[in-house]
Number of protein chains: 2
Amino acid sequence: MKKDTGKTKYILLGLMAKRPQTGYSIKKSIEYEFRHFWQESFGQIYPTLKILVDQGFAETSETETTQNGRRTITYTITERGQAELQRWLSEVPDVEKLRYEILLKVSFGTTTEPEIIDQHLDAFIARNEASLAEMEGFLTVFKDLEVHRTDILGSELTALCGKYLYTAMKDWAMEAKKRISDQKELQNETKNP
Amino acid sequence: MKKDTGKTKYILLGLMAKRPQTGYSIKKSIEYEFRHFWQESFGQIYPTLKILVDQGFAETSETETTQNGRRTITYTITERGQAELQRWLSEVPDVEKLRYEILLKVSFGTTTEPEIIDQHLDAFIARNEASLAEMEGFLTVFKDLEVHRTDILGSELTALCGKYLYTAMKDWAMEAKKRISDQKELQNETKNP
DNA sequence: CTGCTAATGTATCATAATGATATATTAGCA
DNA sequence: TGCTAATATATCATTATGATACATTAGCAG
């Protein structure tokens with residue numbers, strides 16, 4: 001009987017609050033704006049949309065065939081859905097969950113395989129620099145838009161978070177490389193005095 | 001037939017490579033050292049340990065009753081397990097997965113509920129400051145240890161990553177608070193000129 | 001105008017991960 | 001003596017992930 005949906009429910013409601021959405025457009029929106037901090041799969045999105053309708057938080061304007069002839073189901077948030085979104089917003093957010101595989105490798109491999117770890121760190125730095133550039137691109141776009149447009153502040157703060165995060169991770173990786181190479185030198189000195 | 005175990009397998013192997021472990025000690029080790037960047041549940045650990053034995057990557061020295069009389073199963077990494085660990089170490093690590101619920105709330109709520117978001121950000125800052133202090137505590141301990149001990153470099157780099165991360169997140173949240181309050185002021189000015 | 005690929009769209013499934021809970025023993029402490 | 005916390009193994013329902021299947025259409029190259 002207890003049909004709940006974890007956190008997926010709320011990102012769907014939040015996106016529907018901006019405009020009606022299809023399952024596909026929700027997936028694309030998350031990939032575009034939240035990819036770096038949140039991810040959802042079709043396997044979560046479609047079933048959750050159905051549950052939201054069951055619970056009265058969303059409505060379908062099922063246009064079996066759109067102007068193009070392609071079958072689409074558009075979901076719109078209801079008033080109850082709006083209320084549910086507000087209720088969730090006022091709750092204290094959960095502690096964030098991270099899974100940094102590179103950290104496991106660094107931790108387990110620095111002493112045995114310093115060269116490999118060094119390569120991983122190089123790739124990690126490149127990846128973080130790319131993300132950083134993406135975030136700065138967003139921020140430039142937002143800055144160019146009208147100052148008084150309040151509806152973009154949310155997106156701006158998301159990009160800003162990315163900027164801080166990716167800068168920090170890049171800096172960490174550079175420092176890590178240095179410490180690993182320092183250690184290697186130290187070991188060489190002890191061997192060949 | 002295809003019995004795989006995702007990433008859980010490798011953190012278990014990595015920890016077993018340091019010393020033989022029980023399921024419980026693995027859980028505690030992860031909570032102690034990797035909590036901030038990786039988490040595993042008993043629901044993953046115990047079944048995975050069995051699979052590792054099946055696959056020949058670990059061995060049990062099943063002491064049905066230890067010195068204390070409590071039943072424990074100690075798992076030791078095998079040579080095959082060591083090889084598997086090395087194989088994984090040399091693979092390019094996956095892109096990290098994050099789930100920052102606060103970011104969703106900030107994104108969906110800044111304009112409609114600025115006061116609530118401000119409170120969430122305060123709590124977020126406090127939480128990140130606490131984690132930062134924890135990381136700095138670790139780093140102090142490591143610095144006090146012998147310089148030539150290479151086996152702690154991994155742990156040190158983990159803590160350092162935390163230091164960078166939590167500093168960045170704290171700074172972001174402070175900046176976010178400022179921008180939200182700036183926006184509120186702007187709105188008030190337009191209302192009462 | 002034909003054929004190819006990419007994008008849009010809905011949907012499911014096996015696998016993996018989470019969180020809670022059950023069970024039992026022992027250590028420490030008031 | 002009785003309480004709570006820690007140690008230890010284990011399972012289960014719920015959630016989440018990643019891959020795949022299927023169908024249509026838009027755009028483009030030959």
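Within every chain, numbering begins at 1; the chains are lettered A, B, ... in the order of the sequence lines, protein sequences first and strands thereafter. Keep in mind that this is a model prediction, so the values were computed, not measured.
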Go through [options] for me and flag the one nearest to the [X] side chain.
{"X": "A/Q39", "options": "D/dT17, D/dA19, C/dT8", "answer": "D/dT17"}
{"X": "A/Y24", "options": "D/dT9, C/dA11, C/dG9", "answer": "C/dG9"}
{"X": "A/I73", "options": "C/dA11, D/dG18, D/dT11", "answer": "C/dA11"}

Tell me whether the OP1 or OP2 atom of [N] has a side-chain N or O from [X] closer than 4.0 Å.
{"X": "A/Q44", "N": "D/dA16", "result": "yes"}
{"X": "A/R71", "N": "C/dA11", "result": "yes"}
{"X": "B/Y46", "N": "D/dT9", "result": "yes"}

| B/D94 or B/T22: which one's nearest nucleotide on DNA chain D is closer to the 5' end? | B/T22
| Of A/G43 and B/G43, whose closest DNA chain D nucleotide lies nearer the 5' terminus? | B/G43
For [X], which contact category applies under a 4.0 Å heavy-atom criterion: base, sugar-phosphate, or nothing?
{"X": "A/T8", "value": "sugar-phosphate"}
{"X": "B/K27", "value": "nothing"}
{"X": "B/K50", "value": "sugar-phosphate"}

| query | Does a salt bridge link A/R99 with B/D94, judged by any charged N lying under 4.0 Å from a carboxylate O? | reply | no
| said: Could you check whether A/E134 pairs with A/R35 (Lys NZ or Arg NE/NH1/NH2 to Asp/Glu carboxylate O, under 4.0 Å)? | reply: yes
| Going by the angle between their ring planes, with limits at 30° and 60°, are B/Y166 and B/F37 parallel, tilted or perpendicular? | tilted
| request: Anything under 30° is parallel, anything over 60° is perpendicular, the rest tilted; go ahead and classify B/Y100 against B/F124. | output: perpendicular
Take the protein atom [atom1] of [X] and the nucleotide atom [atom2] of [N], then report the distance between them rounded to whole Å.
{"X": "B/E31", "N": "D/dA6", "atom1": "CD", "atom2": "P", "answer": "11 Å"}
{"X": "B/I45", "N": "D/dT7", "atom1": "CD1", "atom2": "C1'", "answer": "14 Å"}
{"X": "B/E40", "N": "D/dA10", "atom1": "CD", "atom2": "P", "answer": "17 Å"}
{"X": "B/Q21", "N": "D/dA8", "atom1": "CD", "atom2": "P", "answer": "11 Å"}
{"X": "B/R99", "N": "C/dA17", "atom1": "CZ", "atom2": "P", "answer": "14 Å"}
{"X": "B/L49", "N": "D/dA10", "atom1": "CG", "atom2": "P", "answer": "9 Å"}
{"X": "A/I51", "N": "C/dA11", "atom1": "CD1", "atom2": "P", "answer": "13 Å"}
{"X": "A/K7", "N": "C/dG19", "atom1": "NZ", "atom2": "P", "answer": "10 Å"}

| Complementary nucleotide of C/dA14, counting Watson-Crick and G-U pairs under 3.5 Å | D/dT17
| query | With a cut-off of 6.0 Å (strictly less than), are more than 12 heavy atoms of other residues, nucleotides or ligands near NZ of B/K163? | reply | no
| query | If you pin B/G6 and A/K97 to their nearest nucleotides in DNA chain C, which one's is more 5'? | reply | B/G6
| message | Between A/K105 (side chain only) and B/W88 (backbone N and O only), is there a donor and an acceptor less than 3.5 Å apart? | response | yes
